[in-house]
2 protein chains.
Amino acid sequence: MSASVVRSVSFFVVCSLLACLFAQASLAQLVDPAAESLRSWNDCATKRALVDYVQRVCDPKSSEFVPEPERLAVFDNDGTLWPENPVPFQLAYAFDVVGKRAAKDAEFAKHPMVQAVLKKDIPTLLAGDHHEGLLQVIAMTHAGMSVEEFQKSVSDWVSQATHPKYNKRYDQLTYKPMQEVLRYLRTNGFKTYIVSGGGADFMRVWSERVYGIPPEQVIGSSAKTKFELRDGKPVLIKTLDQLFVDDKAGKPVGIHQAIGRRPIVCFGNSDGDMAMLQYTTIGNPRASFGAIVRHTDEAREYLYDSAPKSSGKLVEALADAPKQGWHVIDMKQDWAKVFDE
Amino acid sequence: MSASVVRSVSFFVVCSLLACLFAQASLAQLVDPAAESLRSWNDCATKRALVDYVQRVCDPKSSEFVPEPERLAVFDNDGTLWPENPVPFQLAYAFDVVGKRAAKDAEFAKHPMVQAVLKKDIPTLLAGDHHEGLLQVIAMTHAGMSVEEFQKSVSDWVSQATHPKYNKRYDQLTYKPMQEVLRYLRTNGFKTYIVSGGGADFMRVWSERVYGIPPEQVIGSSAKTKFELRDGKPVLIKTLDQLFVDDKAGKPVGIHQAIGRRPIVCFGNSDGDMAMLQYTTIGNPRASFGAIVRHTDEAREYLYDSAPKSSGKLVEALADAPKQGWHVIDMKQDWAKVFDE
C-alpha cells in the first residue's frame with residue numbers, strides 16, 4: 001500500500017471518528033431533545049414544567065435524581081391517551097358484540113342491560129359508582145371465553161370498527177401529544193404504564209403496537225381466569241371471580257398489586273384518576289409530577305368536564321389541582337395537534 | 001503535522017478499530033459465555049439442554065427465534081431459588097412475629113393457630129390444600145398494617161434472623177447455580193420473574209437486592225390493599241379482601257394477571273409448580289423449556305420429594321416429567337456448589 005493510500009484511508013478514518021464524536025456532542029448539547037420530542041405541544045406551562053422535571057430527576061448530579069428502576073410513569077387511558085366519547089371505546093366493542101348476539105338470541109335480548117345497549121341508553125349503563133350496568137354488559141360479553149378467543153374477538157373488532165365522529169379506526173385516534181410524552185419519558189429511562197378502568201385483557205391486545213407499552217405494563221380492571229386442561233392442553237377461561245375495578249381508589253391498589261412501588265409521574269383526565277394522582281404526588285419521598293388532560297376542544301375533540309352524563313367527570317380533581325401542584329393541560333390551548341393525520 | 005505523525009496516528013487508530021472488532025468476535029465465538037456463567041453446575045444433561053435452548057431461541061437465524069419482549073422466564077421461589085426447609089422462610093418470619101406478639105397478648109396466644117405456631121406444630125399449619133392454617137397466621141401477622149409498616153417489619157427480620165441449619169441469614173441462602181441461571185437468561189435478553197405461593201409483598205422487600213428481580217417482576221400470593229388518606233396523605237393498608245393464593249392452578253392465573261403473555265421458560269420444584277410448567281410448555285407456539293429442581297442432597301441441603309410432611313411434595317410433576325420433556329435437576333449430582341460460600 002502506498003503512503004498516499006494509507007494517508008487517504010487514515011484521513012477518512014480520523015474524519016469519521018471526529019464526525020461521530022461531534023454528532024454525539026451535538027445531540028447532547030446543541031439540539032433540544034425535548035423540543036424535538038414534544039413538537040405537537042405548543043409552548044405552554046405544562047410542557048416547560050415536564051421538561052424541567054425530567055431534567056431534574058434524570059441528572060445524576062441533581063439532589064432530586066431518581067435511579068432508573070424507580071422512574072415509573074402511569075397513564076390513564078380513556079380520555080388521557082385516546083378519547084372516551086361518545087362512549088369509552090371498550091363499550092363500543094361490547095355494544096357491537098351484544099348487538100350481534102341479540103340479533104340471534106331472543107332470550108339474551110330480553111336482559112334489561114342488553115335492552116339498554118340496544119336502545120343506546122348510556123345513562124342506565126353508566127349509572128352507579130363503578131358503572132355497574134356497563135360491568136354487567138362486559139361480563140356477558142367477556143366471561144366464559146378462553147383468553148385466546150377473547151383476544152381474537154378484540155383484535156378482529158379493532159381492525160375494522162370505526163369511530164362515528166372521525167370515521168377512523170379507534171386505534172388511529174390516540175392523542176399525538178401524549179404519544180410524544182410516552183416516548184419522551186421512555187427515552188429518559190422511564191417505564192410507562194397504563195392504569196385504566198378499562199379491561200386489562202382488552203387493552204393488552206393492542207397496547208404494544210399502538211403505544212409501545214407491553215402487556216405486562218398494562219394495569220386494568222380484571223377478574224381471575226380459571227386454569228383448565230382441555231384435551232391435555234392448558235387453557236385460561238375468563239370468569240367474573242374476584243372482579244377488580246381499577247378505578248378511583250382502585251387505581252393505587254392496582255398499581256401496588258402490579259408494581260409494588262410508587263410511581264413518580266401520573267397523567268389522568270377525570271375524578272377517577274384523583275386517587276392515583278394523590279398516590280403519585282402527595283408525600284412521595286421522590287420528586288413527582290402530576291397532570292390532568294382537560295377536554296376543552298369542541299372542534300378537534302370534545303368539550304366536557306362536569307357534564308352530568310359524561311363518563312369522564314372532572315370536578316374534584318380540577319378543584320384540588322392548584323393546591324396539589326397538578327398541571328392542567330388545556331387541550332385547545334396547549335396542543336398544536338390532537339391526532340396524527 | 002508531518003506525514004510520519006499522520007501515519008503513526010492513523011496506524012494507531014486502524015489498529016484500535018481492528019482490536020475492537022476482534023474483541024467482539026472473540027466474545028461471540030471464542031469464549032463460551034454459558035460455561036463461564038454456569039460455573040456452579042457440573043456438566044450435566046440439564047445444563048447442556050438449557051444452553052442449547054437459549055442459543056436456539058436467541059439466534060435470529062434460527063426457526064425457533066423468539067423476539068426479546070417474549071423471552072419471559074418464571075421461577076418458583078421456595079425450594080427452587082432458595083430452600084424451603086425446615087419451613088418456608090416466610091413462615092419462619094410469621095413464627096417470629098407471632099411469638100413476640102403472643103408473649104405480650106394473652107388473648108392472641110389462645111388462638112388455635114397461634115398455639116400451633118408456639119408448639120411448632122407444622123402439620124396443623126400446613127394441612128389443607130392451600131395450607132389454610134398457615135394462611136390464618138399470615139393474615140394475623142400481615143393484615144391491618146400499612147404497606148410501609150409491613151415492609152419495615154420484613155426488612156428488619158431479614159437483616160437479623162438466621163437459619164437453624166446453616167446459621168446464616170436467610171437471604172444468604174439462595175442457590176448459587178440458580179442465581180447463575182437468572183443472570184445467564186437476563187444476559188440473553190430474558191425478563192426473569194418470581195412466581196411463588198409466598199406473599200408478593202414479603203418477597204418484594206428484598207427480591208431486587210437478592211435476585212436482581214425488581215418488585216414488578218414478583219408474582220405471589222396477595223390480597224387487595226385498601227387506599228386511604230390519613231391526615232391528607234395516601235396510605236395503602238393490607239387486608240384479606242380478594243385473597244389470591246398463587247399456587248398450583250393459581251400460578252398460571254397469576255402469570256396471566258400480571259404479564260398477559262405465556263412464559264417460555266419455567267423452573268419449579270414441586271407439584272405446586274405443575275400447572276405453570278404445563279402452561280409454559282404444553283401447546284406453547286414458542287419453543288419452551290421446563291425444569292424441576294429435585295432435593296436429593298441430604299448433606300449440603302435436604303433430601304425429600306414425597307415426604308408426607310414436606311411443603312414441597314413432588315410426585316405428580318416428577319411422574320409426568322419424562323412425557324412432557326421437563327428436565328429434572330438432581331441437586332446432588334448436577335450442582336458443583338449449592339450456596340455461595
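Reminder, nothing fancy here: chain letters follow the sequence lines and each chain counts from 1. Model, not experiment: these values are computed from the prediction.
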Who wins among B:Lys226, B:Arg204, B:Lys251, B:Lys233 for the most heavy-atom pairs under 4.5 Å with chain A? B:Arg204
Distance in Å, B:Leu182 CG paired with B:Ile213 CD1, rounded so as to fall on 0.5 Å steps: 5.0 Å
Closest approach of A:Asp78 and A:Ser196, non-hydrogen atoms and distance? OD2-OG, 4.0 Å
So which of B:Gly232, B:Gly283, B:Ala249, B:Gly250 has the biggest tally of heavy-atom pairs under 4.5 Å with chain A? B:Ala249
Side chain / backbone / both / neither for B:Glu228 at chain A, heavy atoms under 4.5 Å: neither
Region of B:Ile282 that comes under 4.5 Å of a non-hydrogen atom in chain A: both
CG-OG distance between B:Asp247 and B:Ser270, expressed to the nearest 0.5 angstrom: 6.5 Å
Go through it in stages, so that I can follow the logic: the residues are B:Cys58 and B:Phe190, the test is side chain to side chain contact (heavy atoms under 4.5 Å, CB included), and I'd like the CA-CA distance, side-chain angles, deciding distance and then a yes or no. CA-CA 10 Å; B:Cys58 296; B:Phe190 280 77; 4.1 Å; yes
Distance in Å, A:Arg262 CZ paired with A:Tyr279 OH, rounded so as to fall on 0.5 Å steps: 6.0 Å
Report which part of B:Ser222 has an atom under 4.5 Å of a heavy atom belonging to chain A: side chain, backbone, both, or neither. side chain
Considering only heavy atoms, give the residues of residues 238-246 of chain B separated from chain A by less than 4.5 Å, sorted numerically, with 'none' for an empty result. B:Gln242, B:Leu243, B:Phe244
I'd like to know if the side chain of B:Glu149 reaches the main chain of B:Ser146, judged simply by a donor and an acceptor atom lying under 3.5 Å from each other, with no hydrogens or angles considered. yes
Heavy-atom closest contact (B:Met276 atom, B:Cys266 atom, distance): CG-SG, 3.5 Å
Segment of B:Val218 engaging chain A (4.5 angstrom heavy-atom cut-off): neither
Minimal non-hydrogen separation, B:Arg261 against B:Ile255, with atom names: O-CG2, 4.0 Å
Is it the side chain or the backbone of B:Ala258 that comes within 4.5 Å of chain A heavy atoms, both, or neither? backbone
Result of checking B:Trp157, B:Trp82, B:Tyr93 against B:Trp206 for ring-ring contact (aromatic ring centres under 6.0 Å, His included): B:Trp82
Step by step, work out the side chain to side chain contact (heavy atoms under 4.5 Å, CB included) result for B:Asn77 and B:Tyr211. CA-CA 10 Å; B:Asn77 184 41; B:Tyr211 295 127; 2.8 Å; yes
Counting only non-hydrogen atoms closer than 4.5 Å, does B:Lys191 touch chain A with its backbone (N, CA, C, O), its side chain (CB onward), both, or neither? side chain
Which of the residues A:Gly260, A:Pro234, A:Pro214, A:Ala223 is involved in the greatest number of heavy-atom pairs with chain B at under 4.5 angstrom? A:Pro234
Criterion side-chain contact (heavy atoms from CB on, under 4.5 Å) against B:Ile264, the qualifying member of B:Val74, B:Thr281, B:Asn284: B:Asn284
A:Val147 versus chain B, heavy atoms under 4.5 Å apart: side chain, backbone, both or neither? side chain
